[in-house]
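Single-structure report; data block below.
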2 protein chains.
Amino acid sequence: MGATKTEYFTDRQNELAVLIKALGHPARIAIIDYLLKTEKCICGDIVNELPLAQPTVSQHLKELKNAGIIKGSVDGNAICYCIDDEVWHKFKGYLNGFFNTYDLKKNKCCYTNIKPKNIDL
Amino acid sequence: MGATKTEYFTDRQNELAVLIKALGHPARIAIIDYLLKTEKCICGDIVNELPLAQPTVSQHLKELKNAGIIKGSVDGNAICYCIDDEVWHKFKGYLNGFFNTYDLKKNKCCYTNIKPKNIDL
DNA sequence: TTTATTCATTGCAATATTACAATATTAAAT
DNA sequence: ATTTAATATTGTAATATTGCAATGAATAAA
C-alpha cells in the first residue's frame, strides 16, 4: 500500500490527475504565474523570483516538465523554460469539461434541493 | 524541512494550490466525476462506484471536504455529499485567470519564437 | 432493546513529497 | 586549459499521502 492505484482508474482520470497534481503546490503555481507574466523564461530568473533554494526550484521545474506542462530548451549556458502549448490546451479542455458539466447540472444537490432541513456537517 | 513553505507565497497561490492539490488524485477526480453525472450523492454510492475500500474513499471525501470543494449533509442514516457551489465558482475563476492569461500571451516563448535553433531537452 | 447499516476514525505500513547542502555537469568566458 | 556561471543530480531528513483492517459512533430497522 501507499502508492496510488492508477490501474483502477480511466486514462482521462489518471492523465488529468497527473496534470492537476503537478500544479498542486504554491511554488509551481508561482512558476507558472511567472512564465505567464514575463517574456524571460530563463531558469535563473525563476530561481531568483522564488523564495526557495536553487535545487528545490530545479526539482519543481522537473515535476512540471515530467507532467508535460512546461518544456525546456538550452539557451547557451542557461535553460529556457516555457509552457507547452499542446499540453496546456489539453489541460484546459479537460478542465472546461469539468466546470461546464457543473454549470449544466445547476447544482441539483441533495442539501439545497432535496433535503433542506438537513444539518450541515 | 519537508513541509511546504506556504508563508512565502501569496494567499492566492496558496488557496489555488490547496484546491488544485485536493483534485490531484484519480480517485478524487472520479468522485467529482460521479457527483457531476448523478443526482445520487450518497456516500455509499460513491464507495460502490470507486475501486477502493470504504475507509480510503472516506479519506478522499474528507480531503475534498477540507479543501472546501464538496460539502456533506446528514440524510438519515447516510451522508449526502455534493459540490460546494461557492468554492467551485471561485476555483473556476482562478483557473480561468490562469488559462486566459496564457491565451493573451500567445505563447511568446523563447523556444518557438526567440531561439528557434535550440535543442529540446 | 437488540441488530443491522452507514459512515468516520484510528493505527499502521508503504510510498511519495518537500527542502536543501553538497556535488556534479555543462557551456561560456578568460 | 582554467575559471566562472548556470543548472542538474545526489543524498538525506522531515513530513505528507495512500491504502486498508479493525474499530467506533450514530441512526434505522427489527
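Letters A, B, ... are given to chains in the order of the sequence lines, protein chains preceding strands, and every chain is numbered from 1.
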note: B:Asp75, atom CG; D:dA28, atom C1'; distance rounded to Å ~ 12 Å

Which one, C:dT6, C:dC20, D:dG19, comes nearest to the side chain of B:Asn77? C:dT6

Determine whether more than 12 heavy atoms belonging to other residues, nucleotides or ligands lie under 6.0 Å from atom CD of B:Glu86. no

Send over the distance from A:Tyr8 OH to D:dC20 C1', rounded to a whole Å. 12 Å

N or O in side chain of A:Tyr81 less than 4.0 angstrom from D:dA8 OP1/OP2: yes

Which nucleotide wins on minimum distance to the side chain of A:Gln54, given the candidates D:dA8, C:dT6, C:dT9? D:dA8

Out of D:dT7, D:dT15, D:dT18, which has the shortest distance to the side chain of B:His60? D:dT18

Please tell me if the side chains of B:His60 and B:His25 come closer than 4.5 Å, counting only heavy atoms from C-beta onward. yes

Between P of C:dA16 and CD of B:Glu63, the distance in whole Å: 16 Å

Side chain to side chain contact (heavy atoms under 4.5 Å, CB included) between A:Asn96 and B:Phe99, intermediate numbers included: CA-CA 10 Å; A:Asn96 278 341; B:Phe99 286 91; over 6 Å; no

Numerically ordered, the residues 13-30 of chain B set in heavy-atom contact under 4.0 Å with DNA chain C is none

For B:Gln59, which contact category applies under a 4.0 Å heavy-atom criterion: base, sugar-phosphate, or nothing? base

Let me know the distance between CG of B:Leu50 and P of C:dT6, rounded to the nearest Å. 17 Å

Check whether any side-chain heavy atom of B:Leu95 sits under 4.5 Å from a side-chain heavy atom of A:Phe98, and report yes or no. no

Rounded to whole Å, please give me the gap between CG in B:Leu52 and P in C:dC7. 16 Å

Would you tabulate the side-chain donor-acceptor contacts of residues 11-20 of chain A under 3.5 Å, counting partners in other chains and residues two or more places apart, or write 'none'?
{"residue": "A:Arg12", "atom": "NH1", "partner": "B:Asp33", "partner atom": "OD2", "Å": "2.8"}
{"residue": "A:Arg12", "atom": "NH2", "partner": "B:Asp33", "partner atom": "OD1", "Å": "2.8"}
{"residue": "A:Gln13", "atom": "OE1", "partner": "A:Thr10", "partner atom": "N", "Å": "3.1"}
{"residue": "A:Gln13", "atom": "OE1", "partner": "A:Thr10", "partner atom": "OG1", "Å": "3.3"}
{"residue": "A:Gln13", "atom": "NE2", "partner": "B:Asp33", "partner atom": "OD2", "Å": "3.0"}
{"residue": "A:Asn14", "atom": "ND2", "partner": "A:Thr6", "partner atom": "O", "Å": "2.8"}
{"residue": "A:Asn14", "atom": "ND2", "partner": "A:Phe9", "partner atom": "O", "Å": "3.4"}
{"residue": "A:Asn14", "atom": "ND2", "partner": "A:Thr10", "partner atom": "O", "Å": "3.2"}
{"residue": "A:Glu15", "atom": "OE1", "partner": "A:Lys90", "partner atom": "NZ", "Å": "2.8"}
{"residue": "A:Glu15", "atom": "OE1", "partner": "A:Tyr94", "partner atom": "OH", "Å": "2.9"}

Establish, with yes or no, whether the OP1 or OP2 oxygen of D:dA8 is under 4.0 angstrom from a side-chain nitrogen or oxygen of A:Ser58. yes

Look at all strands and tell whether B:Leu61 reaches a base, only sugar-phosphate, or nothing, counting heavy atoms closer than 4.0 Å. nothing

Let me check something: any side-chain donor-acceptor pairs from residues 41-54 of chain B under 3.5 Å, sequence neighbours excluded? List them with distances.
{"residue": "B:Asn48", "atom": "ND2", "partner": "B:Gly44", "partner atom": "O", "Å": "3.3"}
{"residue": "B:Glu49", "atom": "OE2", "partner": "B:Lys37", "partner atom": "NZ", "Å": "3.0"}

Checking contacts here: which listed nucleotide (D:dA6, D:dT9, C:dC20) is nearest the side-chain heavy atoms of A:Ala53? C:dC20

For A:Lys5 and A:Ala78, take the nucleotide of DNA chain D holding the closest heavy atom to each; which residue's nucleotide lies nearer the 5' end? A:Ala78

Can you tell me how far P of C:dA8 sits from CD1 of B:Ile42, to the nearest Å? 11 Å

Rounded to the nearest angstrom, tell me the gap between atom CD1 in A:Ile79 and atom P in D:dA5. 18 Å

Nearest-nucleotide pick for A:Pro55, side chain only, options being D:dT18, D:dA6, C:dC20: C:dC20

Member of B:Leu61, B:Ile70, B:Leu64 meeting the side-chain contact (heavy atoms from CB on, under 4.5 Å) criterion with B:Arg28: B:Leu64

With side chain to side chain contact (heavy atoms under 4.5 Å, CB included) as the criterion, how do A:Ile32 and B:Tyr102 come out once you've worked through the C-alpha distance, each side chain's angles and the decisive distance to 0.1 Å? CA-CA 10 Å; A:Ile32 300 296; B:Tyr102 181 72; over 6 Å; no

Rounded to the nearest Å, what distance is computed from the CD1 atom of residue B:Ile70 to the P atom of nucleotide C:dC7? 13 Å

